[in-house]
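Heads up, the thing below is written out as structure tokens.
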Amino acid sequence: MTKWLNYYSKKRITQQWLQLSLLGETDAKSVLEIGPALGGVTAMLVNADYIVTTLDILPKDFKYPETPHIQQDLLTLDPSQIESNDAIICCETLEHIDWDKVPNILRKFHQSGAQHLIISVPYMGFQCTFDFYFNRFAFKNNFSMKKFCNFKEFNREPKGGHQWEIGYKNYTVEAWEEILRSSGWSIKIRDFTEKTRSIFHLLESNNNS
């Protein structure tokens with residue numbers, strides 16, 4: 001339980017909710033979820049009546065729900081391995097892969113025939129969030145600001161960690177969205193999560209146009 005609650009923290013849970021909210025903007029019925037972690041989003045998808053398959057470089061780390069799982073490195077993925085999915089969800093995953101290798105992965109997602117892609121990566125551009133709550137028993141507040149990252153080089157983490165984050169020098173939103181478009185996707189919705197500082201996109205295959 002401690003492991004699960006630490007991962008799906010109060011701050012982070014908005015990310016999982018937004019994945020389903022964006023998926024609800026599509027007519028998808030079958031979903032490939034990449035990087036399912038401890039199965040929180042998987043369970044929500046299954047209980048929302050989606051047909052779900054998960055994919056990760058590691059074995060599945062949860063017993064239920066009993067969804068099919070593909071153990072596969074995205075760098076060596078063949079599009080034929082992930083055919084027959086209406087949508088792909090790939091959140092907080094691609095930043096662990098070298099920037100120059102990401103476009104090929106996005107093209108493979110497109111070549112699989114999926115009509116929609118929901119994607120998120122860390123966002124460290126200028127931003128500010130402030131929450132304030134009180135009643136006669138409790139008082140809570142939270143303030144966060146990120147600035148000047150656009151002038152800084154990103155310090156790559158050891159292999160397996162973050163190799164880049166949007167908002168740092170040379171990793172602009174514009175550059176990221178150009179990669180998404182050039183990989184065969186059209187941007188339908190751009191959104192952000194405040195406390196976890198991520199940029200989300202709901203993408204549609206250009207084959208729909």
Side-chain angles (χ1 to χ4, degrees), residues 7 12 14-16 18-20 22-23 26 28 31-38 40-42 45 52-58 60-61 69-79 81-82 85 87-125 149-150 153-193 196-206:
Y7 187 84
R12 183 181 287 174
T14 303
Q15 285 192 324
Q16 282 75 44
L18 186 54
Q19 293 175 44
L20 267 75
L22 291 174
L23 186 61
T26 76
V31 182
L32 175 70
E33 181 195 359
I34 296 174
L38 303 179
V41 172
T42 314
L45 289 167
V52 184
T53 301
T54 58
L55 183 149
D56 204 314
I57 195 171
L58 300 171
K60 191 163 70 171
D61 197 22
H69 181 71
I70 302 169
Q71 188 173 346
Q72 175 65 49
D73 188 335
L74 288 177
L75 293 174
T76 57
L77 176 72
D78 189 292
Q81 294 177 270
I82 56 171
N85 293 288
I88 298 172
I89 295 177
C90 184
C91 293
E92 309 306 300
T93 298
L94 294 182
E95 68 274 9
H96 296 271
I97 296 170
D98 289 345
W99 175 261
D100 59 356
K101 296 178 181 178
V102 169
N104 190 45
I105 294 172
L106 293 168
R107 285 192 289 269
K108 289 179 181 180
F109 292 166
H110 184 261
Q111 292 164 7
S112 76
Q115 300 304 300
H116 306 281
L117 172 61
I118 295 167
I119 198 160
S120 76
V121 294
Y123 174 67
M124 295 298 286
C149 287
N150 58 306
E153 299 283 352
F154 180 76
N155 292 321
R156 295 178 60 174
E157 298 175 357
K159 186 176 180 180
H162 290 194
Q163 304 303 299
W164 50 272
E165 293 180 358
I166 300 302
Y168 279 90
K169 186 177 180 181
N170 299 323
Y171 302 118
T172 64
V173 172
E174 291 79 7
W176 177 232
E177 292 186 343
E178 177 55 31
I179 288 174
L180 297 176
R181 292 189 184 96
S182 64
S183 301
W185 301 97
S186 298
I187 296 173
K188 309 308 289 185
I189 297 176
R190 178 205 296 139
D191 207 341
F192 299 85
T193 49
T196 48
R197 298 183 294 275
S198 291
I199 181 170
F200 276 75
H201 287 88
L202 170 59
L203 307 170
E204 185 176 85
S205 171
N206 285 339

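The chain is numbered in sequence order, starting from 1. What you see is a predicted model; the values in this text were computed from it and never measured.
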More than 12 heavy atoms of other residues, nucleotides or ligands under 6.0 Å from NZ of K188: yes or no?
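Atom NZ in K188 is not packed in, count stays at 12 or less.
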Quick check: are there more than 12 heavy atoms from other residues, nucleotides or ligands sitting under 6.0 Å from CG of N155?
no
Main-chain N/O of L77 paired with K108 side-chain donor or acceptor, under 3.5 Å:
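Confirmed, K108 side chain pairs with L77 backbone.
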Say whether, by atom type as modelled, one donor and one acceptor occur between the side chain of D73 and the main chain of L75 under 3.5 angstrom.
yes
Partners of [X] by side-chain hydrogen bond (donor to acceptor under 3.5 Å, both in side chains), sequence neighbours excluded?
| X | answer |
| --- | --- |
| H96 | none |
| D61 | K3 |
| N150 | none |
| Q19 | none |

Quick one: side chain to side chain contact (heavy atoms under 4.5 Å, CB included) partners of [X], sequence neighbours excluded?
| X | value |
| --- | --- |
| T14 | T193 |
| T93 | I34, L74, C90 |
| S120 | C91, E92, F200 |

With H110 via ring-ring contact (aromatic ring centres under 6.0 Å, His included) - residues at least two apart
W185
Look up atom [atom1] in [X] and atom [atom2] in [Y], then write down how far apart they are to the nearest 0.5 Å.
| X | Y | atom1 | atom2 | answer |
| --- | --- | --- | --- | --- |
| S186 | H116 | OG | NE2 | 11.5 Å |
| I187 | L117 | CD1 | CG | 11.0 Å |
| L203 | I88 | CG | CD1 | 10.5 Å |
| E33 | I89 | CD | CD1 | 6.0 Å |
| Q16 | T196 | CD | OG1 | 8.5 Å |
| I189 | L202 | CD1 | CG | 5.0 Å |

Going by the rule salt bridge (charged side-chain N to carboxylate O under 4.0 Å, His left out), which residues pair with R107 if we only count those two or more places apart in sequence or in a different chain?
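R107: no salt bridge (charged side-chain N to carboxylate O under 4.0 Å, His left out) contacts found.
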Please give me the minimum heavy-atom distance between [X] and [Y], naming the atom from each residue.
| X | Y | result |
| --- | --- | --- |
| L55 | Q72 | CD2-O, 3.8 Å |
| A87 | A28 | CB-CB, 3.8 Å |
| R190 | V173 | NE-CG1, 4.4 Å |
| S183 | P103 | OG-O, 3.6 Å |

Taking side chain as C-beta onward, heavy atoms only, is T26 less than 4.5 Å from I118?
no
Any heavy-atom pair between the side chains of D56 and P36 that's under 4.5 Å?
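SC-SC contact between P36 and D56 confirmed.
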Name the atoms and distances for all side-chain donor-acceptor pairs under 3.5 Å in residues 159-170, with sequence neighbours left out.
unit_1 : atom_1 : unit_2 : atom_2 : d
H162   : ND1    : E165   : OE2    : 2.7
Q163   : OE1    : R156   : NE     : 2.9
Q163   : OE1    : R156   : NH2    : 2.7
Q163   : NE2    : E157   : O      : 3.2
Q163   : NE2    : G161   : O      : 3.0
W164   : NE1    : I97    : O      : 2.8

Test side chain to side chain contact (heavy atoms under 4.5 Å, CB included) on F109 and L32 and set out the steps.
CA-CA 10 Å; F109 292 166; L32 175 70; 5.7 Å; no
Verdict with reasoning, W176 to L94, per side chain to side chain contact (heavy atoms under 4.5 Å, CB included)
CA-CA 12 Å; W176 177 232; L94 294 182; 4.2 Å; yes
